[in-house]
Amino acid sequence: MDKILSEHRRTIGDFEVIDVDESEIARLRAKLEIKAPCDINWTWEYGSEVAELRQLYEKGKTAQWNASTDLDWSIPVSKDDWVINPEGSLFANVLKMMGKDEATQKAAAFDELAFTVSQLLHGEQAALQLCGQLTNVCDKMDQKWYAASQVIDEARHVEVMARFLSEKMGTIYPIGGTLKVLLDMLLEAQGMNKKILGMQTLFEGMAVGIMEAMRQECRSPLFDRLLQLTGQDEARHAAFGVLQMRRVVADATPEEMADMEDWAFSILEALNANQQLDMLHVLGPKYGIEPDAVVQMMTSLPNFAELNSIAYMHTVVPNLRRLGLITERTEPRWRELGMMVDSRADRPQFELPIAGG
Ligand SMILES: [Fe+2]
Ligand SMILES: [Fe+2]
């Protein structure tokens, strides 16, 4: 299997990165129309066939919230405050090491956050579109109902993040090149199983990990509430991925398992290979930060894997492992690239938000 974006790979130190040049990113961004032929499945079974999905759908209905009224939009968000703890900001840490003053560190951390939330926003748009595909491609009514409930969740996430960025942070940064390529791949993926593996298991799992990591460092009550409400929905979405994929892997042949294992690795490997270069190219020059130097420093840290793997180890890696989609065959690669560490690998997983309240 060819590596994703192989023509945009180079090494920084010992680490192979994906670094898409500006003109190519512009071309990728300008590609608005994605050809994604999608099977539409009727079903005449209107009763519930998959009780756990029906339960998740019910849970989704009672957990709805309103982005207009359930957040206090009067709370200000300022560049002069730490929205996220300085320890949680790559730019703040680097600028501190460079001896820059606190105001500069704060401003850079603010820009970094706006960039990161912008990428989440673009991911939310992809989730919205992909979930719409799931209402068609899924063949059971429980799946269709669940997917339909997720469509409104994702619309709300797009709404809340776009409003937070434009009203409170002042900028929506355009999508990074690597992310655009990967999201297009998910939207173009054929069949229900790959779409669910790609969006629900890989990207929803990453979103849960990233949002939880941000929330732990968050100092803004408005942003904290946004992350809390959105994160609750994302946990339900990741749960759908697991419930569905458990049934898929139970019926898969060894060849199909190997194919899914390789595909999951190739997608997240590409995401990891960007090492924030898309952001570093956009924001680095403003603060005198040299992108390659930062990547070189980060990837050669003795605790690189512990730091780098936080978002992966939160949900997606443990879930893939339990699904049998990270085996002895690929595990060394996950470790080698700093996407998997021992310390958190045995966290209890499948914490599905359907039991109890
Ligand atoms: Fe979402
Ligand atoms: Fe989601």
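Whatever order the structure lists them in is the order used to number ligands and atoms, beginning at 1. Any value given below was found using the heavy atoms of this structure, including those in side chains, with hydrogens, waters and symmetry copies removed.
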Within less than 2.8 Å of the Fe ion (ligand 2), the count of protein N, O or S atoms comes to 5

Between Phe115 and Tyr173, what is the ring plane arrangement, given parallel below 30°, perpendicular above 60°, and tilted in between?
tilted

Lys/Arg-Asp/Glu bridge criterion (N-O < 4.0 Å) met for Arg225, Asp72:
no

Is the distance between the ring centroids of Tyr57 and Tyr146 less than 6.0 Å?
no

What do the steps show when you test Glu16 against Thr11 for side chain to side chain donor-acceptor pair (under 3.5 Å), and what is the final call?
CA-CA 4 Å; Glu16 185 180 271; Thr11 53; over 6 Å; no

Residues Arg10, Asp19: salt bridge by 4.0 Å N-O rule:
yes

If I compare all heavy atoms of Leu280 with all of Pro285, which pair ends up nearest, and what's the gap?
O-CD, 3.7 Å

